[in-house]
Amino acid sequence: MTSRRTQRSHEIMHRSRQLFPGGVNSPVRAFGGVGGEPFVVERGKGARIWDADGNEYLDYVLSWGPLVLGHAPRPVLEAVDRVMQQGTSFGIPTGLEVQLAERVIERMPHLEMLRFVSSGTEATMSAVRVARAKTGRDFILKFDGCYHGHADSFLVRAGSGVATLGLPNSPGVPAMLAALTLTAPFNDLEATRAIARAQAPTLAAIIVEPVCGNCGYIPPEPGFLEGLRELADETGAVLIFDEVMTGFRIAYGGAVEAFGVTPDLTTFGKVIGGGLPVAAYGGRAEIMKQVAPVGSVYQAGTLSGNPLAMAAGIATLDALTPSVHRGIVQQTERLVAGLSAIAAQRGVPFTAGHTGSMWGFFFLGRNPRNYGEAKAADVALFRRFFHAALDRGVYLAPSQFEAAFMSSAHGAHEVNETLDRLDQALAAALA
Ligand code: PLP
């Protein structure tokens with residue numbers, strides 16, 4: 001039983017359930033992984049959000065990652081407002097697309113060419129199409145518990161809501177297409193090698209989240225990403241880093257800077273649009289020139305490169321300087337260390353970690369190497385902890401199998417406040 005006021009959220013959710021499946025427009029929002037009813041948000045500022053009943057929460061979901069500057073940051077609001085006065089969409093080139101692309105390439109010089117799209121799903125499915133065209137092969141290899149959006153080819157042992165809801169595969173995906181998606185356990189290079197080598201003549205792509213965030217936070221072990229690079233070279237497959245979640249979070253220059261491994265194609269989403277719908281895929285010009293209209297791989301979008309979304313992305317990346325990034329990482333480190341200390345003091349099996357400003361924890365006595373191992377976490381304790389945290393004004397991702405995020409608005413004060421609240425929440429969850 002919650003101690004918060006929930007009447008207005010409840011009324012809106014009641015109407016929502018008549019209108020949308022599960023009352024939501026994306027499944028993880030329905031609290032399926034923790035039970036109970038989601039709150040309905042009304043507004044956000046900095047590190048905090050307020051719901052329809054006026055309850056305040058310190059937010060560690062941050063719209064599932066994009067809000068690296070926190071809610072309603074002034075530079076983004078001003079940029080969007082300025083651009084909006086000139087019109088909201090044209091469907092012809094604007095200079096803003098060039099400005100955002102140049103900022104991305106400045107941080108990640110291994111990208112020579114990009115294409116902007118509007119969601120991470122579009123980016124990953126387009127990258128796979130390009131990889132299939134380049135290699136003339138059909139199979140792809142992904143990792144159990146990694147989520148690359150909801151395109152048909154990825155809904156095989158996927159993470160995020162698919163993992164939270166315990167769905168191994170989605171009905172509606174043609175079996176013949178699902179059969180082209182091979183899966184291996186994350187961080188298991190031996191198993192991955194065996195699968196990739198067996199399929200080598202028909203393997204188009206290996207796609208991976210460089211730090212897995214969609215079955216909880218699981219970093220790559222040293223040598224894993226290097227091994228994938230070697231395997232892609234050996235088999236002739238295209239290596240795709242899906243940086244929709246990790247991009248502009250795990251390091252200023254993304255996975256290439258963090259791990260020193262360069263993929264053939266990279267996909268982005270979330271932070272690149274600063275809270276508006278932007279995603280992108282890119283890589284070496286030689287590969288990207290296969291995309292229409294230069295090449296014959298077709299991919300298009302009415303709202304791709306939308307000026308408001310480009311403006312939000314530009315303002316976000318401009319504000320996210322290396323020193324701002326370092327500050328966010330510092331607070332992430334404090335939060336993770338503080339939370340680990342709280343759990344240790346209470347004698348709870350617990351593991352937590354972070355790469356840059358992406359973090360996560362499991363109620364588990366050791367670091368899981370992959371989704372298979374993560375499933376041993378104490379999900380019942382997580383649920384109690386999640387609700388106890390919510391009642392004390394901390395909004396964590398509503399599933400044990402999701403990563404958490406930080407923003408530049410989460411300063412030392414907010415982190416201390418969070419740790420106090422989470423200490424009480426853990427005590428309540430264990431009572
Ligand atoms: N790839 C990764 C790694 C993601 O985390 C997500 C979404 O969470 C996607 C792709 C899909 O992005 P979108 O929800 O924008 O379609």
Side-chain angles (χ1 to χ4, degrees), residues 19-20 24-26 29 41-45 62-108 111-130 148-151 242-245 247-248 265-283 288-320:
L19 298 167
F20 314 118
V24 292
N25 286 300
S26 195
R29 299 177 193 171
V41 72
E42 207 159 77
R43 69 191 172 92
K45 186 71 199 157
L62 293 167
S63 189
W64 300 91
L67 304 180
V68 75
L69 305 177
H71 290 273
R74 186 161 297 280
V76 174
L77 298 189
E78 285 175 358
V80 171
D81 186 49
R82 204 169 46 245
V83 169
M84 187 169 64
Q85 304 306 323
Q86 315 293 324
T88 55
S89 185
F90 302 101
I92 41 179
T94 67
L96 294 165
E97 293 152 70
V98 176
Q99 290 179 38
L100 182 55
E102 284 175 351
R103 280 158 174 79
V104 174
I105 290 172
E106 184 257 318
R107 284 161 174 77
M108 299 173 202
L111 302 168
E112 293 171 353
M113 254 186 194
L114 293 174
R115 169 63 62 83
F116 285 122
V117 291
S118 300
S119 73
T121 298
E122 272 186 88
T124 50
M125 84 182 190
S126 307
V128 164
R129 187 178 298 148
V130 170
H148 303 291
H150 68 88
D242 179 358
E243 290 227 58
V244 167
M245 190 181 284
F248 315 101
L265 287 174
T266 308
T267 56
F268 298 100
K270 301 190 190 272
V271 171
I272 197 175
L276 271 79
V278 184
Y281 62 102
M288 289 303 290
K289 280 185 176 167
Q290 309 218 35
V291 178
V294 177
S296 49
V297 177
Y298 199 70
Q299 181 273 309
T302 300
L303 292 174
S304 292
N306 172 267
L308 304 189
M310 294 292 110
I314 294 164
T316 298
L317 294 192
D318 281 352
L320 188 63

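This one's a predicted model, so the numbers in the text were calculated from it and none came from an experiment.
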Side-chain touch F20/R29, heavy atoms, less than 4.5 angstrom: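 They are not in contact (no side-chain heavy atoms under 4.5 Å apart), so the answer is no.
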Results of side-chain contact (heavy atoms from CB on, under 4.5 Å) for V83 - residues two or more places apart only: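 Once residues adjacent in sequence are excluded, the partners of V83 under the side-chain contact (heavy atoms from CB on, under 4.5 Å) criterion are L96, P307, L308, A311.
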Under the salt bridge (charged side-chain N to carboxylate O under 4.0 Å, His left out) test, residues paired with E106 that sit two or more places apart: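 E106 satisfies salt bridge (charged side-chain N to carboxylate O under 4.0 Å, His left out) with no residue once adjacent residues are dropped.
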Partners passing salt bridge (charged side-chain N to carboxylate O under 4.0 Å, His left out) against D318 (at least two apart in sequence or in another chain):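 Listed in chain order: R103.
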Interatomic spacing from [atom1] in [X] to [atom2] in [Y] - rounded to 0.5 Å:
X	Y	atom1	atom2	result
M113	Q290	CE	CD	12.0 Å
T267	M125	OG1	CE	12.5 Å
L114	E102	CG	CD	10.5 Å
H150	S119	NE2	OG	6.0 Å

Which heavy atom of [X] sits nearest to which heavy atom of [Y], and what is that distance?
X	Y	result
L69	A319	CD1-CB, 3.7 Å
I272	A280	CD1-CB, 4.1 Å
G149	T121	CA-OG1, 3.2 Å
V80	A312	CG2-CB, 3.9 Å
G70	P73	O-CD, 3.4 Å
M288	G282	SD-CA, 3.8 Å

Just checking [X]: does its [atom1] atom have more than 12 heavy atoms from other residues, nucleotides or ligands closer to it than 6.0 angstrom?
X	atom1	answer
F90	CZ	yes
K289	NZ	no
H71	NE2	yes

Verify, without hydrogens or angle tests, whether [X] (side chain) and [Y] (backbone) share a donor-acceptor contact under 3.5 angstrom.
X	Y	answer
E78	P75	no
K270	G247	no
S89	N306	no

Derivation and outcome, side-chain contact (heavy atoms from CB on, under 4.5 Å), residues F116 and L100: CA-CA 10 Å; F116 285 122; L100 182 55; 3.6 Å; yes
Verdict with supporting geometry, V128 and H148, side-chain contact (heavy atoms from CB on, under 4.5 Å): CA-CA 11 Å; V128 164; H148 303 291; over 6 Å; no
Derivation of the side-chain contact (heavy atoms from CB on, under 4.5 Å) call for F248 and V104: CA-CA 9 Å; F248 315 101; V104 174; 4.2 Å; yes
Stepwise side-chain contact (heavy atoms from CB on, under 4.5 Å) test for V291 and Y281: CA-CA 11 Å; V291 178; Y281 62 102; 3.6 Å; yes
R115 and Q299: side chain donor to acceptor below 3.5 Å: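 Yes, Q299 and R115 have a side-chain donor paired with an acceptor closer than 3.5 Å.
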